[in-house]
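Structure, as structure tokens:
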Amino acid sequence: MSAMKRNKFLLIICAAAVICFIAAAISIAIPNNGKKYEADTIVDVPEYKTDAARAIEAYENLMDRYIDLSEKLVSQAGSDHQAVSAKLDLLDSKLADISVRLTRIEKALGIDPNTGEAIKRK
């Protein structure tokens, strides 16, 4: 019987060794002793857009185009305003010249500038 007890004893020792080996393997297998680290993902997933998001984006693009168009029209109106102002200044100077000439003509012909009637000469 002593051989049987010896086999049981070896079996118990082998089982204990296996259990210790498994416990050691599990503790080694847990990465960084259970500490957690964050990792950035590299996978890019395209953004999912709903119909409402697409409609809002289209509206924003439309508003940007409208603002650009409005700015162009305002700048054109400003340049048109400057051209009209220059033309009016030119007309004003020409009218001033004509007024001076007309005053000289009236004086030479003896016409009263206020009434437009001829002054009687004596």
Could you grab the distance from atom [atom1] of [X] to atom [atom2] of [Y], nearest 0.5 Å is fine?
X	Y	atom1	atom2	answer
Thr50	Ile56	OG1	CD1	7.0 Å
Glu60	Glu57	CD	CD	7.0 Å
Ile98	Ser93	CD1	OG	9.5 Å
Ser85	Asp92	OG	CG	10.5 Å

I'd like to know if the side chain of Ser99 and the backbone of Leu95 have a donor-acceptor N/O pair within less than 3.5 Å. no

Apply salt bridge (charged side-chain N to carboxylate O under 4.0 Å, His left out) to residues Arg65 and Asp68 and explain how you reach the verdict. CA-CA 5 Å; Arg65 291 178 64 188; Asp68 291 341; over 6 Å; no

According to a hydrophobic-cluster definition based on side-chain heavy atoms being under 4.5 Å apart (Ile, Leu, Val, Met, Phe, Trp, Tyr only), do Ile111 and Ile105 belong together?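 In one cluster with Ile111: Ile105, yes.
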
Thinking salt bridges, do Asp97 and Lys94 make one under a 4.0 Å N-O criterion? no

With side chains defined as the heavy atoms from C-beta onward, is the minimum distance between Gln76 and Leu73 less than 4.5 Å?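 Yes, at least one pair of side-chain atoms sits under 4.5 Å.
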
